[in-house]
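For reference, the structure discussed in these notes is given below.
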Amino acid sequence: VTGSITLAGSGLEDILRDFTSWTTNGTPVISTGAPGAFDDTRVEEPSAIQKGGKAFVFYVAWKSSYAGSIGVASGESLASLTKNPTPVLTASGSGWDKAYVSGPRVFYDNGIYYLYYFGSANSAPEFEAAPSSLGVATSTDLIHWTKYASNPILTPGSTGWDSHTLYRPFVLKWQRTFYLFYNASDGRNERIGYATAPTPLGPWTKYKSNPVMDIGSAGAWDSQRIGDPWIIRVSNAWVMFYYGGSHSGSPSMGLAYST
């Protein structure tokens, strides 16, 4: 079930309340690069992972030409990061992700790092032009990545809630099954669903009752779109952070839970 944090008697009140009060760092930890750099226009959608006492933060890097690539910054503290001078994943020369790559999420399993992302062949002059599909790349050092030969691993549906484009993936493992959560659009609204697989590379099967998270009711802060799911296991519950927005309001962050 999903709902608010009013969970009297459930044992989850204190756990979820810990995630509802946040303090900003005050200053950016990753900024745009100098003119001409691969990240000279926008940096966004960070995803952090720890390796050997060091934090690696992956992010989407945009040039003024709307060419999206994926960069990484690292450091011993999340507040003090040094950018890698070049992107670690770029658009392909041809094929389904030839225009841009975006939305990085890194997952570790059995000695291998998996970078899940979305990309598109549409080179229209806009950020994250549709339609986009999901892909994955692998690495052992978080710097050198190899795209999976059978990409894309998930594509838009022929009709329905995810028929227009797919966005930011998030992968977790639970009881020997891999779950790939993603947000998708039907051309007007964004919702959240998932697919499952026996391995981190797939094959992925969309859940038949998708979407598992719907937009809010008319007039709600998230009545138009929800997306970018990030999920953690806390005690006996799953906690999801997500962004949402309405046709008239600014995007904000939300919290959902499942037991």
Side-chain angles (χ1 to χ4, degrees), residues 1-3 7 10-12 15-16 19 45 47-51 56 58 70 89 96-97 101-119 132-140 142 145-163 165-185 190-214 226-243 254-259:
V1 295
T2 58
L7 301 168
S10 69
L12 296 176
I15 292 173
L16 295 180
F19 298 120
E45 301 180 16
S47 175
I49 192 168
Q50 183 176 351
K51 179 180 183 290
F56 290 78
F58 294 82
I70 293 173
L89 199 74
W96 72 279
D97 63 350
V101 293
S102 185
R105 289 282 175 75
V106 179
F107 174 77
Y108 177 80
D109 184 66
N110 198 28
I112 299 175
Y113 294 95
Y114 297 84
L115 192 161
Y116 297 90
Y117 66 98
F118 66 91
S132 58
S133 298
L134 305 185
V136 63
T138 58
S139 174
T140 57
L142 293 174
W145 295 89
T146 300
K147 291 182 180 180
Y148 182 42
S150 295
N151 278 337
I153 57 173
L154 209 67
T155 58
S158 56
T159 59
W161 76 282
D162 67 349
S163 59
T165 195
L166 307 187
Y167 291 118
R168 204 170 185 195
F170 178 87
V171 171
L172 62 85
K173 184 180 182 180
W174 179 247
Q175 296 179 343
R176 302 172 67 177
T177 298
F178 296 88
Y179 292 79
L180 189 161
F181 288 81
Y182 62 100
N183 47 307
S185 170
E190 288 180 40
R191 299 171 173 87
I192 296 171
Y194 74 81
T196 58
T199 77
L201 296 175
W204 296 95
T205 301
K206 293 179 181 179
Y207 179 49
K208 64 180 181 180
S209 295
N210 276 338
V212 295
M213 273 273 289
D214 207 345
I226 57 172
D228 291 13
W230 185 284
I231 303 165
I232 58 175
R233 183 73 173 173
V234 182
S235 187
N236 62 338
W238 292 102
V239 178
M240 176 193 288
F241 302 90
Y242 67 97
Y243 96 97
L255 178 70
Y257 67 92
S258 176
T259 56

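In this text the structure is predicted, and so the values were computed from the model without any measurement.
- Screening Ile153, Leu134, Val136 against Trp204 for a side chain to side chain contact (heavy atoms under 4.5 Å, CB included) leaves a single residue, Ile153.
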Could you go through Val234 and Phe19, starting from their C-alpha distance and side-chain angles, then the distance that decides it, and tell me whether this counts as side chain to side chain contact (heavy atoms under 4.5 Å, CB included)?
CA-CA 11 Å; Val234 182; Phe19 298 120; 3.9 Å; yes

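- Separating the CD1 atom in Ile70 from the OG atom in Ser102 is a distance of 7.0 Å, to the nearest 0.5 Å.
- Screening residues 145-158 for salt bridge (charged side-chain N to carboxylate O under 4.0 Å, His left out), with sequence neighbours left out, gives Asp97-Lys147.
- Within the 4.5 Å cutoff, side-chain heavy atoms of Leu255 are placed close to those of Val239.
- Between Phe170 and Tyr194 the shortest side-chain heavy-atom distance does not fall below 4.5 Å.
- Among all heavy-atom pairs drawn from Tyr117 and Ala137, the shortest one is CE2-N, 4.2 Å.
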Taking distance alone, no hydrogens or angles, what donor-acceptor pairs closer than 3.5 Å link side-chain atoms of residues 171-184 to residues at least two apart or in another chain?
unit_1	atom_1	unit_2	atom_2	d
Tyr182	OH	Asp162	OD2	3.2
Asn183	OD1	Arg168	N	3.3
Asn183	OD1	Asp228	N	3.1
Asn183	ND2	Glu190	OE1	3.0

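- Within the 4.5 Å cutoff, side-chain heavy atoms of Ile49 are placed close to those of Phe58.
- Between Ile232 and Phe241, the closest heavy-atom pair is CD1-CE1, 4.1 Å.
- Contact of the Ser47 side chain with the Trp230 side chain is registered, since non-hydrogen atoms from C-beta on lie closer than 4.5 Å.
- Scanning all heavy atoms of the two residues, the minimum distance from Tyr114 to Asp109 falls at CE1-O, 4.0 Å.
- Legend: salt bridge (charged side-chain N to carboxylate O under 4.0 Å, His left out) pairs involving residues 231-240, not counting sequence neighbours: none detected.
- The distance from atom OG1 of Thr138 to atom OH of Tyr113, rounded to the nearest 0.5 Å, is 13.0 Å.
- Across all their heavy atoms, Ile192 and Pro211 have their closest contact at O-CB, 3.3 Å.
- Between Tyr207 and Val212, the closest side-chain pair of non-hydrogen atoms falls below 4.5 Å.
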Walk me through it: do Ser132 and Thr165 pass the test side-chain hydrogen bond (donor to acceptor under 3.5 Å, both in side chains)?
CA-CA 5 Å; Ser132 58; Thr165 195; 2.6 Å; yes

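- In terms of heavy atoms, Gly103 sits closest to Pro169 at O-CD, 3.7 Å.
- No side-chain heavy atom of Tyr108 sits less than 4.5 Å from a side-chain heavy atom of Leu142.
- Residues Ile226 and Tyr242 form a side-chain contact, since some pair of their non-hydrogen atoms from C-beta on lies under 4.5 Å apart.
- Heavy atoms only, all atoms of each residue included: Gly202 and Ala197 are closest at CA-CB, 3.6 Å.
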